[in-house]
Amino acid sequence: MKVLNSYERVQKMNSMQEITIRQVRPEDLDAVTEVEAVCFPKAEAADRASFEARIKAFPDSFFVAEEEGRIVGFINGAVVNETTIRDEMFEDVSFHNGTGNYQSIFGLDVIPEYQHHGLASRLMRHMIEETKKRGKQGLILTCKDRLIGFYETFGYRNLGVSESVHGGAVWYDMILELEA
Ligand SMILES: CC(C)(COP(=O)(O)OP(=O)(O)OC[C@H]1O[C@@H](n2cnc3c(N)ncnc32)[C@H](O)[C@@H]1OP(=O)(O)O)[C@@H](O)C(=O)NCCC(=O)NCCS
């Protein structure tokens, strides 16, 4: 990663303020597929067909971070009636049930040159706020051990090793219970 000097850091911080978070649109399909391919190894990355299905099934649980027309990050996930994510859910949008109790997070991505400036945190806070407004019970996700501490800062609790074998990695189940 390039180390920024203090002038570059201020420039970057200012430009980060210009980033808007909005709901995904069908025309964002190629851009989100590319962001995913940059952020995840091939075995873990969702492909174009998955994103196409997700954008159709749950556009209101799919938010992108956009700077001057360029998608630099996103967060998305189905609404489900279970307290943990199962691997089948990633590929089958029929698990999405808008009236379900839990907002899942299938993916949180920020392209490398925009990382470490709080953008993933903004996307996560946006999803949590939307989920609260919708009166859901909470949010769920799976993550690798190195990100457990990151998600704990939002109030997620670690439920231990997940049954997920997604991409051949070890994942942890995390849950954020919202106050009624
Ligand atoms: C993970 C990811 C989304 C983070 O994006 P980001 O915009 O850099 O995140 P933020 O700047 O909002 O937050 C990062 C900060 O959280 C904190 N943080 C990170 N890991 C942490 C941990 N384990 N414990 C406590 N705090 C942690 C640190 O303060 C970190 O700041 P730093 O990056 O300057 O060290 C991004 O690196 C990414 O897209 N990675 C590839 C895809 C991926 O792994 N996604 C997560 C799927 S589970």
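Computed from a prediction, not measured in an experiment: that's the story for all the values here. Start at 1 and go down the list; that is how both ligands and their atoms are numbered. Heavy-atom basis, side chains included; hydrogens, waters and symmetry copies ignored.
For the pair D109 and ligand 1, the shortest N or O to N or O distance does not fall below 3.5 Å. By the 3.5 Å distance cut-off applied to N or O atoms, R146 is counted among the residues near ligand 1. Geometrically, ligand 1 and C143 share no nitrogen or oxygen pair separated by less than 3.5 Å. Residue F40 has no nitrogen or oxygen atom sitting less than 3.5 Å from a nitrogen or oxygen atom of ligand 1, judged on distance alone.
Counting heavy atoms from C-beta outward, L147 and Y172 have side chains that stay 4.5 Å or more apart.
Closest to atom 11 (O) of ligand 1 by heavy atom, among A45, G107, G118, P112, is G118. Of all the listed residues (Y114, Y172, Y151, F150), F150 holds the heavy atom that lies closest to atom 14 (C) of ligand 1.
By the 4.0 Å N-to-carboxylate-O rule, E129 lies too far from R125 to be salt-bridged with it. Electrostatic pairing of E36 and R54 does not count as a salt bridge here, judged by no charged N lying under 4.0 Å from a carboxylate O.
Remark: minimum distance from atom 6 (P) of ligand 1 to any protein heavy atom is reached at A120 CB, 3.5 Å. Counting only heavy atoms of the protein, atom 45 (N) of ligand 1 lies nearest to L108 O, 2.9 Å. With hydrogens left out, the protein atom closest to atom 39 (O) of ligand 1 is V110 N, 2.9 Å, a heavy atom. The nearest heavy-atom contact from the protein to atom 38 (C) of ligand 1 is Q115 NE2, 3.4 Å. Looking at atom 25 (C) of ligand 1, its nearest protein heavy atom turns out to be G149 C, 3.4 Å. Of the protein's heavy atoms, S121 OG, 2.6 Å lies nearest to atom 12 (O) of ligand 1. Scanning the protein for heavy atoms near atom 8 (O) of ligand 1, the closest one is H116 N, 2.6 Å.
Only the backbone of T142 comes within 4.0 Å of ligand 1, counting heavy atoms alone; no side-chain atom from C-beta on gets that close. Using a 4.0 Å cut-off between heavy atoms, H117 contacts ligand 1 through its backbone alone, with no side-chain atom that close.
Relative ring orientation between F150 and F154 is described as perpendicular, the plane-to-plane angle rising above 60° on a 0-90° scale split at 30° and 60°.
Within 4.0 Å of atom 3 (C) of ligand 1, at least one protein heavy atom is present. The protein reaches atom 47 (C) of ligand 1 closely, with a heavy atom under 4.0 angstrom from it. Contact annotation for atom 31 (O) of ligand 1: protein absent (non-hydrogen atoms, distance under 4.0 Å).
Between the side chain of S104 and the backbone N or O of A78, at least one donor-acceptor pair lies under 3.5 Å. Under the 3.5 Å distance criterion, the side-chain polar atoms of Q103 are matched with a main-chain donor or acceptor of G77. At least one donor-acceptor pair under 3.5 Å links the side chain of H117 to the backbone N or O of Q115.
Close approach of ligand 1 to L147 (heavy-atom distance below 4.0 Å) involves ligand atoms 1 (C), 44 (O), 46 (C). Remark: ligand 1 atoms within the under-4.0 Å shell around heavy atoms of C39 are 39 (O), 41 (C), 42 (C).
Applying the salt bridge (charged side-chain N to carboxylate O under 4.0 Å, His left out) criterion to E44, with sequence neighbours excluded, gives K144.
L178 and V79 fall into different hydrophobic clusters, defined by Ile, Leu, Val, Met, Phe, Trp and Tyr side-chain heavy atoms under 4.5 Å apart, directly or through other members.
Taking CD1 of I85 as the start and CZ of F90 as the end, the distance is 5.0 Å to the nearest 0.5 Å.
Proximity of the aromatic rings of F106 and F95 is defined here by a centroid distance below 6.0 angstrom, and this criterion is not met.
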